[in-house]
Undergrad: 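After the structure tokens below, expect a handful of questions from me.
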Amino acid sequence: VSAEPIYIGSCVERDRQKHQVEVLHGALRARKRPEMNDEVILGYMNKGIYDVLQTRDMTAEASNGYFWYSPAADVWFARNDGEWTNDMPAENTAALREQVDELTAENAELKKTLGEVGEKYGAYRMALSDIANRAGGAIK
């Protein structure tokens, strides 16, 4: 008698304000701890998008070698971007909007400064031309 596989996890809609991960693989094991040798396999993650509560980078460990996501307490699964998962970092739109506004204001100031420099340069060229005309071409 073969038991039906257990699928776990509640998928959510994409929220660009949150760090989320998309599970692409229907047989991605969910474990109790972020370890490949963890014998407590809870089941398989449902395909879909999950909020990321915690991460653990264990890629430098020879016995583990994976980056792990936790979408819920005591539930972990390994990352393999593009094959098993798709990492979806938060897009901090407020901070990006602030940066755009700062750059726009700076650009306006630079345009104003360039306009003032252009006017001064034009006045300089006219004064120089006037002096040269009065000198009858003696100044070069």
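Just so you know, residue 1 is the first one in the sequence shown, and it goes up from there. Computed from a prediction, not measured in an experiment: that's the story for all the values here.
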Undergrad: Does any pair with a residue in residues 105-133 pass ring-ring contact (aromatic ring centres under 6.0 Å, His included), and if so which ones, sequence neighbours excluded?
TA: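 The answer is none; no pair qualifies.
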
Undergrad: Looking at CD of Glu61 and CD of Glu35, how far apart are the two atoms once the value is rounded to the nearest 0.5 Å?
TA: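 That separation rounds to 8.5 Å.
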
Undergrad: Sequence neighbours left out, what passes side-chain contact (heavy atoms from CB on, under 4.5 Å) with Lys47? Give chain and number order.
TA: none

Undergrad: Nearest heavy-atom pair of Met45 and Tyr7: which atoms, and what distance?
TA: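 Smallest heavy-atom distance, with atoms named: O-CD2, 3.8 Å.
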
Undergrad: For the backbone of Val21 and the side chain of Asp87, can you confirm whether one donor and one acceptor N or O come within less than 3.5 Å of each other?
TA: no

Undergrad: Report the residues that fulfil side chain to side chain donor-acceptor pair (under 3.5 Å) with Asp74, sequence neighbours left out, ordered by chain and then residue number.
TA: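 Per chain and number, Asp74 pairs via side chain to side chain donor-acceptor pair (under 3.5 Å) with no residue.
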
Undergrad: More than 12 foreign heavy atoms under 6.0 Å from CZ of Arg125: is that the case here?
TA: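 Counting other residues, nucleotides and ligands, CZ of Arg125 stays at 12 neighbours or fewer.
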
Undergrad: Can you see which heavy atom on Pro71 is nearest to which on Leu53, and at what distance?
TA: O-CD1, 3.4 Å

Undergrad: Between the side chain of Asn46 and the main-chain N/O of Gly9, is any donor-acceptor distance below 3.5 Å?
TA: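 Indeed, once roles are kept as given, a pair shorter than 3.5 Å links the two residues.
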
Undergrad: Under the rule for side chain to side chain donor-acceptor pair (under 3.5 Å), what residues qualify as partners of Thr85, not counting sequence neighbours?
TA: Asp81

Undergrad: So if you build clusters from Ile, Leu, Val, Met, Phe, Trp, Tyr with side-chain heavy-atom gaps below 4.5 Å, do Tyr50 and Ile6 land together?
TA: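 In one cluster with Tyr50: Ile6, yes.
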
Undergrad: Could I get the full list of side chain to side chain donor-acceptor pair (under 3.5 Å) partners for Thr59, not counting sequence neighbours?
TA: Asp57

Undergrad: Can the positive tip of Arg56 be found less than 6.0 Å from the middle of the six-membered ring of Trp76, inside 45° of the ring normal?
TA: yes

Undergrad: Return the minimal non-hydrogen interatomic distance between Gly48 and Cys11, and the atom names on each side.
TA: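 That would be CA-SG, 3.6 Å.
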
Undergrad: To the nearest 0.5 Å, how far apart are NZ in Lys32 and OG in Ser70?
TA: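 If I round to the nearest 0.5 Å, the distance is 11.0 Å.
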
Undergrad: Between Glu39 and Arg31, is there a side-chain heavy-atom distance shorter than 4.5 Å?
TA: no

Undergrad: Can you sort out the partners of Asp15 under salt bridge (Lys or Arg N to Asp or Glu O under 4.0 Å), two or more places apart, ordered by chain and number?
TA: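 Scan of Asp15 (salt bridge (Lys or Arg N to Asp or Glu O under 4.0 Å), adjacent residues dropped) gives none.
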
Undergrad: With sequence neighbours left out, write down each residue that passes side-chain contact (heavy atoms from CB on, under 4.5 Å) with Asp51, or none if nothing qualifies.
TA: Val12, Lys18, Gln20

Undergrad: Taking the side chain as every heavy atom from C-beta outward, state whether His19 and Thr55 have any atom pair closer than 4.5 Å.
TA: yes

Undergrad: If you compare all heavy atoms of Ile8 against all heavy atoms of Leu42, which two are closest, and at what distance to 0.1 Å?
TA: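 Taking Ile8 first and Leu42 second, the nearest heavy atoms are CD1-CB, 4.1 Å.
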
Undergrad: Using a side-chain heavy atom cutoff under 4.5 Å and only I, L, V, M, F, W and Y, what cluster partners does Leu103 have?
TA: none

Undergrad: Run the side-chain contact (heavy atoms from CB on, under 4.5 Å) test against Ala27 and tell me which residues pass, sequence neighbours left out.
TA: His25, Tyr44

Undergrad: Can you tell me which residue pairs pass the salt bridge (Lys or Arg N to Asp or Glu O under 4.0 Å) test with a partner in residues 103-114, sequence neighbours excluded?
TA: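 Pairs touching residues 103-114 that pass the test: none.
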
Undergrad: Quick one, Met58 and Phe67 - any side-chain contact, counting heavy atoms below 4.5 Å?
TA: no

Undergrad: Check salt bridge (Lys or Arg N to Asp or Glu O under 4.0 Å) between Arg29 and all other residues, then give those that pass, not counting sequence neighbours.
TA: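 Salt bridge (Lys or Arg N to Asp or Glu O under 4.0 Å) list for Arg29, sorted by chain: empty.
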
Undergrad: Yes or no on side chain to side chain contact (heavy atoms under 4.5 Å, CB included) for Phe77 and Val23, after CA distance, side-chain angles and deciding distance?
TA: CA-CA 9 Å; Phe77 59 88; Val23 172; 3.8 Å; yes

Undergrad: Can you name the residues that form a side-chain contact (heavy atoms from CB on, under 4.5 Å) with Glu22, not counting sequence neighbours?
TA: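 side-chain contact (heavy atoms from CB on, under 4.5 Å) check on Glu22 returns Leu24, Ile49, Asn86, Met88.
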
Undergrad: Below 6.0 angstrom between ring centroids: does that apply to Trp84 and Tyr69?
TA: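 Ring centres of Tyr69 and Trp84 not closer than 6.0 Å.
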
